[in-house]
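Down below is the structure, laid out as structure tokens.
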Amino acid sequence: MPNMTDDKQMTAPQITRSQSLVMGNWKMNGSISFNNQLLNEIVAGVVSVSAANMTAQLVVCVPAPYLAQAQGRLAETPVQWGAQDVSVHAKGAYTGEVSASMLTDFGCCWVLVGHSERRTLHAESDELVAQKAQAALSAGLTPVVCVGESLQERDAGLAEAVIKRQLAPVLALGPDAVKRMVVAYEPVWAIGTGRTASAQQAQDIHAVIRRLLPSSDHTPVLYGGSVKPDNAKTLFAMPDIDGGLIGGASLVATDFLAIASQ
Ligand code: 13P
């Protein structure tokens with residue numbers, strides 16, 4: 001569970017870095033029967049692994065239609081669940097959108113915002129992503145703000161500048177808001193490609209992000225992009241990497257559990 005501290009303006013809790021966080025992003029994968037098996041295997045694994053080996057908080061971010069299924073299976077277990085996107089609007093004529101309060105109706109505590117697939121395929125701007133983060137916070141959800149440069153941007157030496165640009169409107173929400181968020185650094189060139197950033201490449205950008213954040217105790221920064229059981233340990237050992245956002249490997253219970261046990 002995120003550590004909660006009291007706040008009168010926003011209901012989302014402050015998130016500390018004291019516990020590592022391993023989040024699965026299922027993307028648009030799954031079915032009732034597939035999810036059932038995957039969730040059963042994850043829960044069985046978490047329960048059977050000794051507390052010493054599983055110190056991370058596990059979260060699965062499932063497609064919106066399966067939130068009720070996740071809630072039904074994961075309530076009363078140590079595994080939490082979240083969504084992959086949220087509307088900036090509270091309600092109304094926004095066909096296809098899902099509001100933050102709808103997510104909390106299904107027991108969600110977490111929501112991804114600004115995943116590179118949404119920035120690219122749905123033209124989400126940095127400002128819109130910040131508005132989504134704010135909408136999540138206002139409903140008591142923890143937004144996981146995803147940032148990351150493309151290969152072209154990295155090759156042009158623009159990685160840091162891109163991250164700073166993407167984060168600027170989010171940081172402008174103010175330190176109190178930022179302490180209630182998670183940031184996920186996902187270099188676009190490492191997503192689903194099997195080409196992970198080296199631990200040092202990731203650490204370098206994480207250090208840049210960390211310096212922009214208002215507190216060294218809050219706002220965990222996760223790494224995402226081809227995290228697998230065999231590279232998770234080195235990545236998570238870096239001082240500014242507080243856990244992972246896992247795509248493909250989160251669809252295989254043994255891999256997800258192995259990553260979370262690093
Ligand atoms: P992969 O782990 O499949 O590279 O995906 C990373 C990601 O996009 C998680 O949000």
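Order of appearance sets the numbers: ligands from 1, and atoms from 1 within every ligand. As the structure is a prediction and not an experimental result, all values here were calculated from the model.
- Residue contact check: Leu245 has heavy atoms under 4.0 Å from atoms 9 (C), 10 (O) of ligand 1.
- Residue Met23 places every heavy atom at 4.0 Å or more from ligand 1.
- Between Ala249 and ligand 1, no N or O atom pair is found at a separation short of 3.5 Å.
- For ligand 1, the polar-atom distance check finds no N/O of Ile191 at less than 3.5 Å from any of the ligand's N/O atoms.
- Counting only heavy atoms from C-beta outward, the side chains of Gln203 and Pro239 approach each other to under 4.5 Å.
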Let me see the working for Asp85 and Lys132 under salt bridge (charged side-chain N to carboxylate O under 4.0 Å, His left out), right down to the final yes or no. CA-CA 8 Å; Asp85 185 32; Lys132 289 187 171 195; 2.8 Å; yes
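- The shell of residues lying under 4.0 angstrom from ligand 1, judged by heavy atoms, excludes Gly224.
- Within the structure, the closest approach of Ala190 to ligand 1 falls below 4.0 Å when heavy atoms are considered.
- The protein heavy atom nearest to atom 3 (O) of ligand 1 is Gly248 N, 2.8 Å.
- Listed by number with element, the atoms of ligand 1 under 4.0 Å from a non-hydrogen atom of Ser226 are 1 (P), 2 (O), 4 (O).
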Kindly indicate, with the supporting measurements, whether the criterion salt bridge (charged side-chain N to carboxylate O under 4.0 Å, His left out) is fulfilled by Arg165 and Asp126. CA-CA 8 Å; Arg165 190 207 72 217; Asp126 303 331; 2.8 Å; yes
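- For atom 2 (O) of ligand 1, the closest heavy atom belonging to the protein is Gly247 N, 2.9 Å.
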Derivation and outcome, side chain to side chain donor-acceptor pair (under 3.5 Å), residues Gln152 and Trp189: CA-CA 9 Å; Gln152 210 182 14; Trp189 47 273; over 6 Å; no
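- By the neighbour-count criterion of 12 heavy atoms within 6.0 Å, atom CD of Glu127 is densely surrounded, having more than that number from other residues, nucleotides or ligands.
- Remark: minimum distance from atom 9 (C) of ligand 1 to any protein heavy atom is reached at Glu186 OE2, 2.8 Å.
- A salt bridge is defined here as a Lys NZ or Arg NE, NH1 or NH2 lying under 4.0 Å from an Asp or Glu carboxylate O, and Asp242 with Arg210 meets this definition.
- Considering backbone and side-chain N/O of Asn25, one or more are found under 3.5 Å from N/O of ligand 1.
- Against a heavy-atom cut-off of under 4.0 Å, Gly192 is close to the following atoms of ligand 1: 1 (P), 3 (O), 4 (O).
- Ligand 1 has no nitrogen or oxygen under 3.5 angstrom from a nitrogen or oxygen of Gly225.
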Could you give me the CA-CA distance, side-chain angles and deciding distance for Gln201 and Tyr223, then say whether side chain to side chain donor-acceptor pair (under 3.5 Å) is met? CA-CA 11 Å; Gln201 278 175 322; Tyr223 170 78; over 6 Å; no
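- A salt bridge does not link Arg119 to Glu124: none of the charged side-chain nitrogens sits closer than 4.0 Å to a carboxylate oxygen.
- For the side-chain hydrogen bond (donor to acceptor under 3.5 Å, both in side chains) with Glu117, the lone residue among Lys27, Gln84, His122 that qualifies is Lys27.
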